[in-house]
Amino acid sequence: MCWNKSSAFAPVGLALHGPATHKIVRTLGDAAHILIKDWPSDEGEEYVAAVKACVDAISGQIAPEQFREALLRAADEAGIAALTVVRR
């Protein structure tokens, strides 16, 4: 399974709080790491939905773009600024 190399969704820049302040989520692997290690709180309905969506995207049950939408909702819930990263 090559889920860590998937970049089927537009990258998202996140302005987190604490030592890992700015992150760019390019792959499902990046997202899984950030959700588990760097997210400011493991509470919240949208956070839980994003974690589930990440697992579902990794296992191919949903499209990575659907996960991206869940990630953006979780960021909004947590007060994390999220920006679409434009590729050159």
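Bear in mind the structure is a predicted one, so any value in this text is a computation, not a measurement. All residue numbers refer to positions in the sequence shown, counting from 1.
For the atom pair CZ of R73 and CD of E45, the computed distance is 10.0 Å after rounding to the nearest 0.5 Å. A distance of 10.5 Å separates CG of D56 from CZ of F67, quoted to the nearest 0.5 Å. Separation of atoms CZ (F9) and CG (L71) is listed at 7.0 Å; rounding is to 0.5 Å. Put simply, NE2 on H33 and OG1 on T27 are 11.0 Å apart, with the number rounded to the nearest 0.5 Å. The distance from atom NZ of K52 to atom CD of Q61, rounded to the nearest 0.5 Å, is 6.5 Å.
Counting heavy atoms from C-beta on, the side chains of P11 and V25 never come closer than 4.5 Å. Within the 4.5 Å cutoff, the side chain of I34 has heavy atoms near those of the L16 side chain.
Residue Q66 comes nearest to I62 through the heavy atom pair OE1-CB, 3.4 Å, listed as atom of the first residue, atom of the second, then distance. The minimum heavy-atom distance between A70 and A53, with the atom names listed, is CB-CB, 3.8 Å. A pairwise comparison of heavy atoms in P40 and A78 identifies CG-CB, 4.3 Å as the closest pair. Heavy-atom minimum distance, E43 versus E77: O-OE1, 4.2 Å. Residues A57 and P64 come closest through the heavy atom pair CB-CA, 4.4 Å.
Under the 4.5 Å side-chain contact rule for hydrophobic residues, Y47 and L72 share a cluster. Under the 4.5 Å side-chain heavy-atom criterion for Ile, Leu, Val, Met, Phe, Trp and Tyr, I36 and V55 are members of distinct hydrophobic clusters. At a threshold of 4.5 Å between side-chain heavy atoms, the hydrophobic network of Ile, Leu, Val, Met, Phe, Trp and Tyr places L83 and L14 in two separate groups.
One finds a salt bridge joining D38 and K23 here, because a Lys/Arg side-chain nitrogen approaches an Asp/Glu carboxylate oxygen to under 4.0 Å.
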